[in-house]
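One structure is given below, encoded as structure tokens.
Below, read A as the first sequence line, B as the second, and so on, with proteins coming before strands; counting in each chain starts at 1. Remember, predicted model here, so these are calculated numbers, not experimental data.
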Protein chains: 2
Amino acid sequence: MELEKITNKKNAKPKRWYTDACGTALALEFFGERWSLLIMRELMLGPRRFSDLKDDLHGISANILTQRLEGLEHSGIVVRRKLPPPANIQVYELTPWGYEAEPIFQTMGRWATRSPAHDPMLPLSAVSAMLSLRTMILEDREPVSMVLVFRFGENVFTGRLDKKELQIERGAVEKPDIVFDTDTTTFITLVYGKRSITDAEREGRLRLTGERELVQKFIDCFSLPEKIIT
Amino acid sequence: MELEKITNKKNAKPKRWYTDACGTALALEFFGERWSLLIMRELMLGPRRFSDLKDDLHGISANILTQRLEGLEHSGIVVRRKLPPPANIQVYELTPWGYEAEPIFQTMGRWATRSPAHDPMLPLSAVSAMLSLRTMILEDREPVSMVLVFRFGENVFTGRLDKKELQIERGAVEKPDIVFDTDTTTFITLVYGKRSITDAEREGRLRLTGERELVQKFIDCFSLPEKIIT
DNA sequence: CTGTATCCGTGTTGATACTG
DNA sequence: CAGTATCAACACGGATACAG
């Protein structure tokens with residue numbers, strides 16, 4: 001009886017398979033369950049610990065997060081890593097292949113935000129806000145280069161904008177051209193043009209460092225796709 | 001009591017929401033449930049009827065297909081259309097916005113097929129086979145143009161390859177350069193180089209019309225991404 | 001503090017049978 | 001052919017308890 005219980009837990013996964021050679025179907029085997037893709041999103045900008053993920057994925061419960069991380073690890077998308085002492089904590093990190101899933105987020109994001117149902121005032125994680133920049137960056141933009149720091153409470157990122165792309169990594173660099181210190185919702189309403197910088201500053205939602213002209217040049221590099229006509 | 005039951009069925013959907021401004025999360029609200037994305041895939045190359053979908057989506061049950069089609073219709077991704085007499089049948093079709101989801105299939109397909117778990121010998125729908133061509137077409141290929149017909153039993157497609165792209169639509173054109181008449185698994189093993197044309201013909205799995213040299217040029221336009229190193 | 005395991009109520013999924 | 005009804009199995013999320 002005991003043995004049977006253990007056996008059931010380990011093997012004999014009665015998971016439902018699509019049994020389809022199509023790449024999309026296979027991708028869904030990997031991350032088609034609820035939360036999996038959003039966990040991957042939260043890991044796209046570097047390793048996180050369990051409680052970071054739990055906090056940023058509003059509404060996920062601990063047991064589900066454990067299951068999903070196990071599944072993603074099993075699929076070769078996530079690795080569990082123990083940081084060396086003195087940190088000595090465990091983090092979850094994407095594998096190189098996992099990091100290569102970013103275009104999936106970009107195509108899904110570009111497509112879905114055209115829906116009238118898209119509500120940018122809903123809560124947004126810091127990683128989502130950063131990834132949205134890489135998703136919504138304009139192909140044919142002014143060739144401008146700059147280094148930026150983005151502060152969303154605990155979550156701090158450095159962005160390097162050049163002609164080719166916007167690189168983003170965790171942590172702050174020494175002498176950036178621009179520093180945003182704000183919340184994610186205010187930030188994206190600024191970038192996508194629903195709110196003015198001065199308004200946000202007056203309301204105490206934003207502390208901004210850097211030349212206003214350069215900030216505007218940065219903002220002009222991004223644009224949400226047009227809404228669909230219904 | 002009766003009223004309550006009706007009310008529960010129509011409104012009061014206690015569906016679980018991510019409540020997240022992220023575009024990926026919104027996309028998952030639309031097609032994150034099991035089967036939804038694969039239904040969209042089957043519709044990508046033109047309208048289908050209920051039973052076509054049920055047959056091609058191996059393993060889906062009728063009630064789930066009904067629910068998913070309702071959901072996709074509600075989200076503005078699918079429309080239900082009644083063909084005029086004498087056909088007089090009902091079909092499901094993607095909206096223009098629905099058709100624009102194709103890049104999602106492409107990024108997911110390119111990413112997932114790099115997994116060692118990808119098994120091209122599993123069953124593959126005719127639409128999947130055709131979409132895989134559009135997914136795996138090489139950017140920097142020989143500038144070659146041709147018109148092809150693909151026959152997979154009932155499912156017949158015409159492809160138009162030019163410098164820019166491979167267009168695909170349902171139905172056969174009059175004088176194509178090449179005709180493939182085969183099953184989907186044989187077809188993709190041919191295109192992605194696991195099987196030779198002559199072997200497939202000898203085994204009776206393939207009937208091919210057209211100059212062999214041109215066929216080879218066609219095949220050379222496509223390539224599966226490299227497997228990940230584990 | 002950082003997870004992990006278990007129980008439990010509810011909602012979702014799917015196989016079968018059935019109806020217009 | 002195009003779905004609906006029913007019911008059983010499973011997945012989800014919350015709470016709680018536990019381990020390092």
Side-chain angles (χ1 to χ4, degrees), chain A residues 2 5-6 8-10 12-19 28-29 31-39 42 47-74 78 80-83 85-93 154, chain B residues 2 5-6 8-20 28-29 31-39 42-43 47-73 78 80-83 85-93 154:
Chain A
E2 277 301 316
K5 202 178 173 189
I6 291 163
N8 277 340
K9 284 185 70 173
K10 286 286 162 195
K13 277 217 170 184
K15 202 193 158 186
R16 292 178 274 234
W17 300 90
Y18 288 119
T19 321
L28 292 173
E29 305 285 10
F31 57 63
E33 291 170 289
R34 198 169 163 75
W35 294 111
S36 291
L37 201 53
L38 300 186
I39 293 168
E42 289 306 313
R48 314 294 307 277
R49 47 206 303 188
F50 190 90
S51 48
D52 294 336
L53 294 170
K54 182 150 172 17
D55 293 344
D56 287 340
L57 266 14
H58 179 80
I60 197 173
S61 48
N63 50 357
I64 297 293
L65 181 53
T66 301
Q67 279 178 225
R68 293 297 177 275
L69 286 168
E70 278 171 359
L72 291 170
E73 191 178 4
H74 186 78
V78 162
R80 197 189 277 242
R81 202 152 57 81
K82 188 134 190 167
L83 294 186
N88 222 26
I89 56 162
Q90 184 176 258
V91 291
Y92 296 89
E93 183 172 21
E154 304 284 278
Chain B
E2 276 301 318
K5 200 178 172 191
I6 292 164
N8 277 341
K9 283 184 71 171
K10 286 284 164 197
N11 344 333
K13 278 217 169 182
K15 204 193 156 188
R16 290 181 274 234
W17 302 91
Y18 287 120
T19 320
D20 191 322
L28 292 174
E29 305 286 10
F31 57 64
E33 293 168 288
R34 196 168 164 77
W35 294 110
S36 292
L37 202 52
L38 300 186
I39 293 168
E42 288 305 313
L43 296 175
R48 316 293 308 277
R49 49 203 304 185
F50 189 91
S51 48
D52 293 336
L53 294 170
K54 183 151 170 18
D55 293 343
D56 287 339
L57 266 13
H58 179 81
I60 196 172
S61 47
N63 53 354
I64 296 294
L65 181 53
T66 302
Q67 280 178 223
R68 294 295 178 275
L69 286 168
E70 279 171 359
L72 292 170
E73 191 178 5
V78 162
R80 194 189 280 243
R81 202 151 58 81
K82 188 133 191 166
L83 293 186
N88 222 25
I89 57 161
Q90 185 176 262
V91 291
Y92 296 88
E93 183 172 22
E154 304 284 277

Side-chain N,O (B:Arg49) to OP1/OP2 (D:dA2) below 4.0 Å | yes

Rounded to the nearest 0.5 Å, what separation is found between the CG atom of B:Leu38 and the CG atom of B:Leu57?
-> 6.0 Å

How close or far is atom C1' of C:dT13 from atom CD of A:Glu33, stated in whole angstroms?
-> 13 Å

Euclidean distance, atom CG of residue B:Leu38 to atom P of C:dG14 [Å, nearest integer] | 11 Å

Please list, chain by chain and in numerical order, all residues satisfying side chain to side chain donor-acceptor pair (under 3.5 Å) with A:Asn63, sequence neighbours excluded.
-> A:Ser61

Starting at CZ of A:Arg34 and ending at P of C:dT10, how long is that distance when rounded to a whole Å?
-> 18 Å

Find the distance B:Ile39:CD1 to D:dG3:P and express it as a whole number of Å.
-> 12 Å

How close or far is atom P of D:dG20 from atom NZ of A:Lys82, stated in whole angstroms?
-> 12 Å

Contacts of B:Phe50 that satisfy ring-ring contact (aromatic ring centres under 6.0 Å, His included) - sequence neighbours left out = none

Distance in angstrom units between B:Phe50 CZ and D:dT4 P, rounded = 8 Å

For the helix from C:dC1-D:dG20 to C:dG20-D:dC1, figure out the bend between the end axes, five pairs an end, and round to 10 degrees.
-> 30°

Short side-chain N/O contact from A:Arg16 to OP1 or OP2 of C:dA15, under 4.0 Å | no

Test side chain to side chain donor-acceptor pair (under 3.5 Å) applied to A:Glu93 - qualifying residues, sequence neighbours left out = A:Arg81

For A:Ser51, enumerate each residue passing the side-chain contact (heavy atoms from CB on, under 4.5 Å) test, keeping only those at least two apart in sequence or located in another chain.
-> A:Arg49

Nearest whole angstrom, please: distance from the P of C:dT4 to the CD1 of A:Ile89.
-> 13 Å

Distance, rounded to the nearest Å, where B:Gln90 contributes CD and D:dG3 contributes C1' | 9 Å

Sequence-distant partners of B:Tyr18, ring-ring contact (aromatic ring centres under 6.0 Å, His included), two or more places apart | A:Trp35

Mind checking what makes salt bridge (charged side-chain N to carboxylate O under 4.0 Å, His left out) contact with A:Arg48, not counting sequence neighbours?
-> A:Glu42, A:Asp52, A:Asp56

Tell me, which of residues 53-70 of chain A have any heavy atom that sits under 4.0 Å from an atom in DNA chain C?
-> A:Ala62, A:Asn63, A:Thr66

Phosphate oxygens OP1/OP2 of D:dC12: is one of them under 4.0 Å from a side-chain N or O of B:Tyr18?
-> no

Can a side chain N or O of B:Arg80 be found less than 4.0 Å away from OP1 or OP2 on D:dA2?
-> no

Is any side-chain heavy atom of A:Val78 less than 4.5 Å from a side-chain heavy atom of A:Ile39?
-> no

Listed partners of B:Arg80 passing salt bridge (charged side-chain N to carboxylate O under 4.0 Å, His left out), at least two apart | B:Glu73

When you check the phosphate oxygens OP1 and OP2 of D:dG13, does a side-chain N or O of A:Trp35 lie under 4.0 Å from one of them?
-> yes

